Amino acid sequence: MATLPQRFDPEQCQAVTREVLAAHRGEPGALLPILHDIQDRLGAVPPELLPLIAEDLCLSRAEVHGVVSFYHDFRASPPGRQHLKLCQAEACQSMGAKALTAALQEKLGLQLGETRADGSLTLEAVYCLGNCACAPNAMLGGELHGRVDLEGLLELLSEQEAHP
Ligand code: FES
């Protein structure tokens, strides 16, 4: 696994988490919205914050950890400056996503779930982007791209790098 690009400031993370927890106080089923809000604000849900969340919601750490690890959306560290998500679900698999992923990993020297040591790029697996008819799909910087191939993805990456 590549080195993490950024380090969290623990005090700032705790302060953000306390604000998020306060904003959802008393809300039924608040765990998922809380985790999403924390990730929106910090770029990730650092594992160090799970005890604070568990304590506030009167849940066990194992329960919170179980939810965080069940959903692929939650990251333990912030993504790189470029963030490419490749769909690995069934419709995209049937249209060659597996081979495309392998070729891209080889070309970039990066595996799914990894971030480059310089923080320039994160490659991530996602499971359905809701655009199955145009498989295989990818998302770069929040923008959906259908019927992608290796050349197209490399072009998208260099275009975005040139015009961030
Ligand atoms: S399976 Fe890839 S977009 Fe739905």
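Indexing begins at 1, ligand by ligand and atom by atom, following the structure's order. Everything numeric here is computed off the predicted structure, so don't read it as measured data.
The main-chain N or O of A97 is never found under 3.5 Å from a side-chain atom of Q88 such that the two would form a donor-acceptor pair. The closest donor-acceptor contact from the side chain of N137 to the backbone of N131 lies under 3.5 Å.
A salt bridge links R25 and D56; the closest N-O separation between the charged side-chain nitrogens and carboxylate oxygens is under 4.0 Å.
At a heavy-atom cutoff of 4.0 Å, ligand 1 is surrounded by C87, A89, A91, C92, C128, L129, G130, N131, C132, N137.
The neighbour count for Q111 CD, taken as heavy atoms of other residues, nucleotides or ligands under 6.0 Å away, is above 12.
Not counting sequence neighbours, the partners of R75 by the side chain to side chain contact (heavy atoms under 4.5 Å, CB included) test are Q39, A44, P79, H83, E124.
Atom CD of Q105 sits about 10.0 Å away from atom CG of L100, to the nearest 0.5 Å.
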